[in-house]
Amino acid sequence: MESNGLRIRGIEDGSIAQKLDIKAGDVLLSINNVFINDIIDYLYNCAGNMIFVTVKKQSGEIHRYKIHKKYDKTLGILFEDTIADCPRRCQNRCAFCFVDQMPQGLRKSLYIKDDDYRLSFLDGNFITLTNLNQDDLDRIIKYRLSPLYVSVHATDKEIRNYLLGRNKNDHDVIEILRHLIKNNIKIHSQIVLCPGINDGNVLEKTLDDLSKFYPDILSCAVVPVGLTKFRDRLANLHSYNQKSSDEVLSIVSRWNQKLKDAIGTNFVFPSDEFLVISNRDIPESDYYEGYPQLENGVGMFRKFIDEVHLVKPEKLSIRKKICIITSEAAYKTIYMLLNEYFDINGNIVLKAVKNNFWGGNVNVAGLITATDIMEQ
């Protein structure tokens, strides 16, 4: 399929592109006669000691270059964003989709539901695998886009289809995972848990199914569903409480012990939210085995605590008054660290902001709104 190419946003100093007088505003059309559709095409086809590059200049002229270089050196081109601005859209109607739980009137980018395997590889975004066609699967395998981050939620086909809001019964996540793994694609998985739907025995089965693929499925995160007050005409779901969180953590702990003995890894990791809801202590850093799912909220507290502790604790006095704002979920951890390092003399105020905007059930720091800060 012919491509319009990628418009160039900038050129790195000292790069091959700069030496060839390629400039911002030019368009990269092809490398080795392969049309360039996105950054993945560019990175993959740049590999080689000799490549042939076609560029359309701002004047409309077509320039062709024969380039000798080190095998893994790129051309030093920066592109206008072609994936994050126009990602593949998700066609599911997930019962817990956060985008569907937002009010009108927010910035447009917040309403984009992406399910793009390219962003999964590049940025660690989770995808469901339901929006892939055979060409997509072939491209993932050809370009070795590994690891991918996959939202499994449940390996029981009927329950997974319900959670994803799919009417079709044509999708078997285990078969697709098996196909990707057979072709040397590694996977990080996640399970968004909804009380009474995919926890309990369903969770046990999902962990059993996924762990059998280790080390090709590298890890599994267990995350509680996030619910806002904007759920009109959506499925009736409930949030986790201390009792139900304890039940989830007991299952995870049991599987940790079982898998550590059998295959040498904890494999499944609960998000920090579960620990906060159940009022449990934060595990030590070795529990997280290198933090493979840090961006999924797994081990953030422990990593933050350990990084703070790289500075030798000593009581510091603050002369000016300072107000530190954080979420309800992070309050306990921040308070502990403040007391370790500072002489609390009334000049430091730590404020936990209740997330009223989203309805009170969302308590992570990253989703605090300016309106709640100002009101409280």
Side-chain angles (χ1 to χ4, degrees), residues 94-96 126 128 149-164 173-174 177 187-227 235-303 329 332 361-364:
C94 295
F96 49 80
F126 280 90
T128 64
Y149 292 76
V150 177
S151 290
V152 175
H153 307 319
T155 52
D156 180 288
K157 198 171 181 178
E158 184 176 340
I159 292 174
R160 186 170 198 260
N161 280 335
Y162 169 76
L163 288 170
L164 297 182
V173 67
I174 289 294
L177 289 172
I187 305 291
H188 288 289
S189 61
Q190 78 160 347
I191 303 168
V192 175
L193 282 183
C194 301
I197 299 176
N198 61 334
D199 51 9
N201 291 334
V202 178
L203 175 60
E204 300 264 12
K205 180 183 184 302
T206 302
L207 294 178
D208 186 38
D209 290 338
L210 295 179
S211 62
K212 289 174 181 175
F213 287 103
Y214 182 83
D216 297 300
I217 295 184
L218 298 161
S219 68
C220 179
V222 175
V223 182
V225 62
L227 303 176
N236 186 23
L237 300 179
H238 303 284
S239 298
Y240 277 91
N241 55 33
Q242 184 168 355
K243 181 177 183 296
S244 54
S245 291
D246 279 333
E247 291 169 356
V248 169
L249 292 174
S250 294
I251 292 174
V252 170
S253 179
R254 188 167 65 253
W255 275 92
N256 287 158
Q257 185 174 357
K258 176 181 177 180
L259 294 174
K260 197 76 169 179
D261 293 340
I263 57 179
T265 176
N266 286 324
F267 183 73
V268 54
F269 304 93
S271 73
D272 292 0
E273 287 177 79
F274 270 123
L275 299 171
V276 170
I277 296 169
S278 62
N279 199 30
R280 294 200 184 190
D281 292 335
I282 307 299
E284 296 298 322
S285 58
D286 57 355
Y287 171 79
Y288 293 103
E289 299 179 1
Y291 302 99
Q293 299 236 19
L294 185 67
E295 295 302 318
N296 206 12
V298 178
M300 280 189 169
F301 280 148
R302 172 48 59 194
K303 195 169 190 298
K332 181 179 176 181
N361 290 322
V362 177
N363 63 359
V364 295

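For clarity, every value in this text was computed on a predicted model and none was experimentally measured. FYI, side chains are in, hydrogens and waters are out, and symmetry mates aren't considered; it's all heavy atoms of this structure.
Side chain of Asn198 to backbone of Ala154: no donor-acceptor contact under 3.5 angstrom is found. Judged purely by atom type and a 3.5 angstrom limit, Asp156 uses its side chain to pair as donor or acceptor with the backbone of Glu158. With hydrogens and angles ignored, the 3.5 Å screen pairs no side-chain donor or acceptor of Thr155 with any backbone N or O of Val173. A donor-acceptor pair under 3.5 Å is formed between the side chain of Asn256 and the backbone N or O of Val268. A donor-acceptor pair under 3.5 Å is formed between the side chain of Asp272 and the backbone N or O of Phe301. Between the side chain of Arg160 and the main chain of His153, no donor-acceptor pair closer than 3.5 Å is present.
Other residues, nucleotides and ligands contribute over 12 non-hydrogen atoms within 6.0 Å of the CD atom of Gln242. More than 12 heavy atoms of other residues, nucleotides or ligands lie within 6.0 Å of CD in Glu204, so this atom counts as buried by the packing criterion. Other residues, nucleotides and ligands place no more than 12 heavy atoms under 6.0 Å from the NZ atom of Lys303. Under a cut-off of 6.0 angstrom, the local environment of CG in Asn201 is sparse, with at most 12 non-hydrogen atoms contributed by other residues, nucleotides or ligands.
Between atom CZ of residue Phe96 and atom OG of residue Ser151 there is a gap of 6.5 Å, rounded to the nearest 0.5 Å. Note that NZ of Lys212 is 12.0 Å distant from CD1 of Ile217, once rounded to the nearest 0.5 Å. Atom CD1 of Ile277 sits about 11.0 Å away from atom CG of Asn279, to the nearest 0.5 Å. If you take CZ on Arg302 and CG on Asp286, they are separated by 9.5 Å, rounding to the nearest 0.5 Å. Taking NE2 from His238 and SG from Cys194, the interatomic distance works out to 10.5 Å, rounded to the nearest 0.5 Å. The structure places CH2 of Trp255 at 4.5 Å from OG of Ser211, a figure rounded to the nearest 0.5 Å.
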Taking it one step at a time, do Leu259 and Tyr214 satisfy side-chain contact (heavy atoms from CB on, under 4.5 Å)? CA-CA 10 Å; Leu259 294 174; Tyr214 182 83; over 6 Å; no

Let's go through Ile191 and Leu207 carefully: what are the C-alpha distance in whole Å and the side-chain angles of both, what is the deciding distance for side-chain contact (heavy atoms from CB on, under 4.5 Å) to 0.1 Å, and is it a yes or a no? CA-CA 9 Å; Ile191 303 168; Leu207 294 178; 4.0 Å; yes

Do Leu163 and Ile197 pass the side-chain contact (heavy atoms from CB on, under 4.5 Å) test, and can you show the C-alpha distance, the side-chain angles, and the key distance before you say yes or no? CA-CA 8 Å; Leu163 288 170; Ile197 299 176; 3.7 Å; yes

Pair Thr206, Asp209 - check side chain to side chain donor-acceptor pair (under 3.5 Å), show working. CA-CA 5 Å; Thr206 302; Asp209 290 338; 5.8 Å; no

Show your reasoning for whether side-chain contact (heavy atoms from CB on, under 4.5 Å) applies to Leu218 and Phe267. CA-CA 7 Å; Leu218 298 161; Phe267 183 73; over 6 Å; no

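With salt bridges taken as basic N to acidic carboxylate O contacts below 4.0 Å, one links Asp246 and Arg280.
For an aromatic pair to be called close, the ring centres must be under 6.0 Å apart, and Phe126 with His188 fails this.
Residues Val252 and Phe269 are not in side-chain contact: their nearest non-hydrogen atoms beyond the backbone lie 4.5 Å or more apart. The shortest distance between side-chain heavy atoms of Ser278 and Asn241 does not fall below 4.5 Å. Contact check for Leu210 versus Leu177: side-chain heavy atoms found under the 4.5 Å cut-off. Residues Val150 and Thr128 form no side-chain contact, since every pair of their non-hydrogen atoms from C-beta on lies 4.5 Å or further apart. Looking at Ile251 and Arg254, their side chains come closer than 4.5 Å, going by heavy atoms from C-beta outward. Between Val362 and Leu227, every side-chain heavy-atom pair lies at or beyond the 4.5 Å cut-off. At least one side-chain heavy atom of Lys260 sits under 4.5 Å from a side-chain heavy atom of Glu289. Residues Tyr291 and Val298 fail the side-chain proximity criterion, which asks for heavy atoms closer than 4.5 Å.
The two residues Tyr288 and Pro283 make their nearest non-hydrogen contact at OH-CD, 3.3 Å. When every heavy atom of Asn266 is checked against every heavy atom of Tyr287, the shortest pair comes out as ND2-O, 2.9 Å. Among all heavy-atom pairs drawn from Ser219 and Gln293, the shortest one is OG-NE2, 3.0 Å.
For the 3.5 Å distance criterion, the side chains of Asp199 and Tyr240 qualify, holding a donor opposite an acceptor. For Tyr149 and Asn296, the side-chain atoms include no donor-acceptor pair closer than 3.5 Å.
A side chain to side chain contact (heavy atoms under 4.5 Å, CB included) with Leu193 holds for exactly one of Leu203, Val223, Val225; it is Leu203.
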